[in-house]
Amino acid sequence: MASVSEVKDEPGQPPALTSLSLAEAAQEAKSKEQIVTPFDVSGGLDELGNPKAIDYDKLVDTFGSQRIDKLLLDRFEKVTGHKPHRMLRRGLVFSHRDLNLILDKYEKGIPFFLYTGRGPSSDSMHVGHTIPFEFTKYLQDVFDVPLVIMLTDDEKFYHTPRLSLKDVYKFTIQNAMDIIAVGFDMKKTFIFADTEFVDGGFAAAFNNNVRELGKRTTINQIKGTFGFNDSNNIAEFAFPAMQSATAFATSFPFIFGTDPKKVAKVPCLIPCAIDQDPYFRQCRDNAPKMGYLKPAIIHSVFLPSLRGRESKMSASDADSSIFLSDTDNQVKKKVGKAFSGGQDTAEEHRRIGGRTAVDVPFQYLTFFMEDDEELERIRIEYEEGRMQSGELKMACTKELQAYVGGFRDRRKAVTEEIRREFMRPRQLVFRGMPAEKELQDARNKRIMTLEEELGKLKNAH
Ligand code: TYM
């Protein structure tokens, strides 16, 4: 097709091909494909330049993951003996890679570990960030497995020009306390901040995995996967190896033991929203080349922005978000202004009914309301016009105030001492943990080496 600049209407001629081509070209120029990377999430634009909702079915196809279907949910329930979490039941946790293999191993009593994380970009997390953490807590309770939580303060420092190392570390401490307040089991959970852990003397094995990954990753691959160009800094190019290294149990000998052959077989399951998938696609490509298992992944959709489902709730856009530090009054005000699928007048709403698919307060209820029957009642009442938008917003406000309020109470109980303990490299307690003997042997070996060295030194004098 001719480009816009080549096509001109002839004066006095019917607007045949030429105008049509112009219109088509203009439409083509306006529409934009959706983008989902860890740094950019947008549903794209339609032919008229209007923002579109994220098409998750299309994402599953382009990313090459699998949908979580009824069959898999039934198997999950059978294997674990637990009712699937509301986010699984409602398709909000919707896609996976190798979850079936994790269930196979669990059935055989082979232990695995969970891994998730947060990039501390602000001092308070928003409720969207808690989605993967809530879900991870549920998985930890159901499977009774160890969990590693990575705080990528380095990632945020490299990627955000205005942030200093001091800023991101301050956010890291606050975010760690927020995450602890989700309710993780201290005995089974290790939280670490990249800038602290890599220099702390416990990261020799982790750093070697970063090196192995770095050696296998080309600039071309990073550009293709993350959309980086020559203006991105070199630290951003190197960072993905850090996020990937955490998916290997061998990175944490103090948790999983020191026998590399045995530990390499401990599988990992990563819950996250689907924006993090690009990191783990790269990790999965490299894992077999390093003699490791590919990590399994379980993806959630994004909690939408207060402005509408075309974009996700994002810490960089304060008006799009409800923060965990918000007061009841702030929550009420924000939900009051959220995008509504209701009609312009009460009369019209009664006649036509509301659109739950685009209504942000209704969408929030699907994430946070536990009661399936009550949610269904609200859906029907709203869609059939018997429930007005204000009433729906009130129900959502109540639910979110309870969620944020419960969080606030638990957060108050998280002391600096508790945070330090969660972030101390240490042995965790879980089914199938390495025998104390193995860890003791490792410690003894280290003591013997030191004693031998001391002996040699003594003899030399
Ligand atoms: P970050 O801090 O951008 O996001 C933390 C987690 O929250 C998810 N997320 C959301 N989930 C639902 N609705 C939203 N609106 C929303 N916004 C963000 C993210 O997918 C993520 O799961 N690089 C990572 C930190 C990280 C990590 C990991 C995350 C390191 N290792 C392993 C998940 C799994 C980051 O900056 O996340």
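Both ligands and their constituent atoms are indexed starting at 1 by order of listing. Remember, it's a predicted structure, so these values are computed and weren't measured experimentally.
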What does the N/O contact table under 3.5 Å look like for ligand 1?
| residue | atom | partner | partner atom | Å |
| --- | --- | --- | --- | --- |
| ligand 1 | 2 (O) | Arg118 | NH1 | 2.8 |
| ligand 1 | 2 (O) | Gly119 | N | 2.8 |
| ligand 1 | 2 (O) | Gly119 | O | 3.4 |
| ligand 1 | 11 (N) | Gly128 | O | 3.2 |
| ligand 1 | 13 (N) | Leu303 | N | 2.8 |
| ligand 1 | 15 (N) | Leu303 | O | 3.2 |
| ligand 1 | 15 (N) | Met313 | O | 3.1 |
| ligand 1 | 17 (N) | Lys312 | NZ | 3.2 |
| ligand 1 | 20 (O) | Ala273 | N | 3.1 |
| ligand 1 | 20 (O) | Asp275 | OD1 | 2.6 |
| ligand 1 | 23 (N) | Glu155 | OE1 | 2.7 |
| ligand 1 | 23 (N) | Glu155 | OE2 | 3.2 |
| ligand 1 | 23 (N) | Gln243 | OE1 | 2.9 |
| ligand 1 | 23 (N) | Gln276 | OE1 | 3.1 |
| ligand 1 | 31 (N) | Tyr115 | OH | 2.7 |
| ligand 1 | 31 (N) | Gln243 | NE2 | 3.4 |
| ligand 1 | 36 (O) | Gly119 | N | 3.3 |
| ligand 1 | 36 (O) | Glu155 | OE1 | 3.2 |
| ligand 1 | 36 (O) | Lys156 | NZ | 3.4 |

### Task
Go through the steps to decide whether Glu155 and Tyr279 satisfy the test side chain to side chain donor-acceptor pair (under 3.5 Å), and finish with yes or no.
CA-CA 12 Å; Glu155 177 193 24; Tyr279 281 117; 2.5 Å; yes
### Query
Is there a donor in the side chain of Gln282 and an acceptor in the side chain of Thr217, or the other way round, less than 3.5 Å apart?
no
#### Entry: Residues in ring pair (Phe, Tyr, Trp, His ring centres under 6.0 Å) contact with Phe157, at least two apart in sequence or another chain
none
Which donor-acceptor pairs under 3.5 Å do side chains of residues 165-173 form with protein atoms, sequence neighbours excluded?
| residue | atom | partner | partner atom | Å |
| --- | --- | --- | --- | --- |
| Asp167 | OD2 | Ser164 | N | 2.9 |
| Asp167 | OD2 | Ser164 | OG | 3.2 |
| Tyr169 | OH | Glu196 | OE2 | 2.3 |
| Thr172 | OG1 | Val168 | O | 2.6 |

### Query
Which residue pairs pass the side chain to side chain donor-acceptor pair (under 3.5 Å) test when at least one of the two sits in residues 391-402, sequence neighbours left out?
none
### Message
Salt bridge check, Arg118 against Asp178: does any charged N sit closer than 4.0 Å to a carboxylate O?
### Response
no
